[in-house]
Amino acid sequence: MTPKRVDRSARREEILAAAVRVFARKGFAATRIDDVAREADIGKGSVYLYFDSRDALLSAAFEAFAARSRTVLQRAREGTGPPLERLGSLVRSVLAALAEDPELAHILLDLWSSGRAQSQLPLDMPSVYSEYRTVIAELLREAEAEGTVRQGVGQHHATVIVGAVEGCLLQWLLEPRLPITELAEPILEVCVEGLRRRKEA
């Protein structure tokens, strides 16, 4: 009988998905490779054919998320349409991406709360926040140049918008009943619409 051929790419994704589920459910520190193998319904040795450690699994789990994040930022920066519309799409896309991958957000929260050093996190969060602030500030400056928002809007306002998104994310992680994707419009109403240039009477 010919041995069954295994689609290595598909098997890798299955193991990765299993690891994410276990990390989110048990916490990274409490998870062992045995747990991941059991979740994926394969032998422990099979996991090691694709990933040599828990940290390798953790890093791989966030690679795709980071790639999606870069795509969202690039679309906002290089897309067409008015800057405030692109900013609105950016906020909606971020919340939608988080809603699609709540387990990854739970893993990050677990790592932060366990006191894991910044250098050990699967994402360089200061750089992630900085890039979002930079792109949002660029959009606000574009809007200022076209006369859509009042003068003086910039980096500090971008920081507040990022903080509003992250604050809603944290509340949602602690209280999953909150409709995270529906919070995009209130964030934009509070943090962006208030920046619009008022028409002179």
Side-chain angles (χ1 to χ4, degrees), residues 24 58-59 61-197:
L58 186 65
S59 296
F62 281 89
E63 284 174 4
F65 183 81
R68 286 199 302 275
S69 179
R70 289 190 293 270
T71 299
V72 167
L73 289 171
Q74 183 177 8
R75 190 181 304 126
R77 178 176 266 157
E78 301 174 2
T80 58
L84 290 189
E85 285 186 12
R86 283 182 279 143
L87 176 53
S89 295
L90 170 61
V91 171
R92 294 183 194 98
S93 296
V94 169
L95 292 178
L98 293 169
E100 289 174 9
D101 283 313
E103 290 160 328
L104 292 180
H106 277 285
I107 293 168
L108 273 180
L109 182 61
D110 166 58
L111 295 173
W112 283 330
S113 62
S114 67
R116 193 174 174 90
Q118 175 61 44
S119 61
Q120 297 174 319
L121 291 177
L123 288 177
D124 180 357
M125 292 308 297
S127 293
V128 171
Y129 287 138
S130 177
E131 186 66 13
Y132 273 97
R133 289 194 303 269
T134 297
V135 173
I136 291 173
E138 289 174 1
L139 293 172
L140 292 176
R141 282 193 290 270
E142 283 185 46
E144 179 184 359
E146 70 177 19
T148 308
V149 300
R150 62 178 184 267
Q151 291 184 339
V153 171
Q155 193 73 28
H156 293 332
H157 297 85
T159 301
V160 171
I161 293 170
V162 172
V165 172
E166 286 298 298
C168 289
L169 168 62
L170 179 58
Q171 291 181 72
W172 170 63
L173 289 175
L174 297 175
E175 192 176 346
R177 292 178 300 171
L178 288 175
I180 185 67
T181 56
E182 294 177 22
L183 298 179
E185 300 312 316
I187 289 172
L188 293 170
E189 289 172 11
V190 172
C191 297
V192 177
E193 290 303 316
L195 302 178
R196 286 188 181 272
R197 187 174 183 178

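Partners of Glu182 by side-chain hydrogen bond (donor to acceptor under 3.5 Å, both in side chains), not counting sequence neighbours: none found. Ala96 meets the side chain to side chain contact (heavy atoms under 4.5 Å, CB included) test with no other residue; sequence neighbours excluded. By the salt bridge (charged side-chain N to carboxylate O under 4.0 Å, His left out) test, Glu100 is found to be paired with no residue, residues two or more places apart in sequence or in another chain being considered. Every residue two or more places apart in sequence or in another chain that forms a side-chain hydrogen bond (donor to acceptor under 3.5 Å, both in side chains) with Gln74 is listed here: Glu78. Applying the salt bridge (charged side-chain N to carboxylate O under 4.0 Å, His left out) criterion to Arg77, with sequence neighbours excluded, gives Glu131, Glu138.
Annotation: salt bridge (charged side-chain N to carboxylate O under 4.0 Å, His left out) contacts involving residues 155-165, sequence neighbours excluded, are absent.
The 12-atom threshold is not exceeded at CD of Gln151, counting heavy atoms of other residues, nucleotides or ligands nearer than 6.0 Å.
Salt-bridge formation is detected for the pair Glu185/Arg92: a Lys NZ or Arg NE/NH1/NH2 atom is positioned less than 4.0 Å from an Asp or Glu carboxylate oxygen.
Note that the CG atom of Asp101 and the CG atom of Leu108 stand 11.0 Å from one another [nearest 0.5 Å].
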Exercise for the section: Output, in order, the C-alpha distance, side-chain angles, deciding distance and verdict of side-chain contact (heavy atoms from CB on, under 4.5 Å) for Val94 and Tyr132. Expected result: CA-CA 10 Å; Val94 169; Tyr132 273 97; 3.5 Å; yes
Exercise for the section: Begin from the C-alpha positions of Ile107 and Phe62 and carry the test side-chain contact (heavy atoms from CB on, under 4.5 Å) through to its verdict. Expected result: CA-CA 10 Å; Ile107 293 168; Phe62 281 89; 4.1 Å; yes
Exercise for the section: Decide side-chain contact (heavy atoms from CB on, under 4.5 Å) for His157 and Val149; before the verdict, give the C-alpha distance in whole Å, the side-chain angles of both, and the deciding distance to 0.1 Å. Expected result: CA-CA 12 Å; His157 297 85; Val149 300; over 6 Å; no
Practice task
Output, in order, the C-alpha distance, side-chain angles, deciding distance and verdict of side-chain contact (heavy atoms from CB on, under 4.5 Å) for Arg75 and Thr71.
Solution key: CA-CA 6 Å; Arg75 190 181 304 126; Thr71 299; 3.4 Å; yes
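The two residues Val192 and Leu84 come nearest to each other via the heavy atoms CG1-CD2, 3.9 Å. Between Gly88 and Leu188, the shortest heavy-atom distance links the atoms CA-CD1, 3.7 Å. The two atoms that bring Ala137 and Gly154 nearest to each other are CB-C, 4.2 Å, heavy atoms only. When all heavy atoms are compared, the tightest approach of Leu139 to Arg86 is CD2-NH1, 3.5 Å. Between Arg133 and Ala158 the shortest heavy-atom distance is O-CB, 3.4 Å. Taking every heavy atom of both residues into account, Glu144 and Arg150 meet most closely at CG-O, 4.0 Å.
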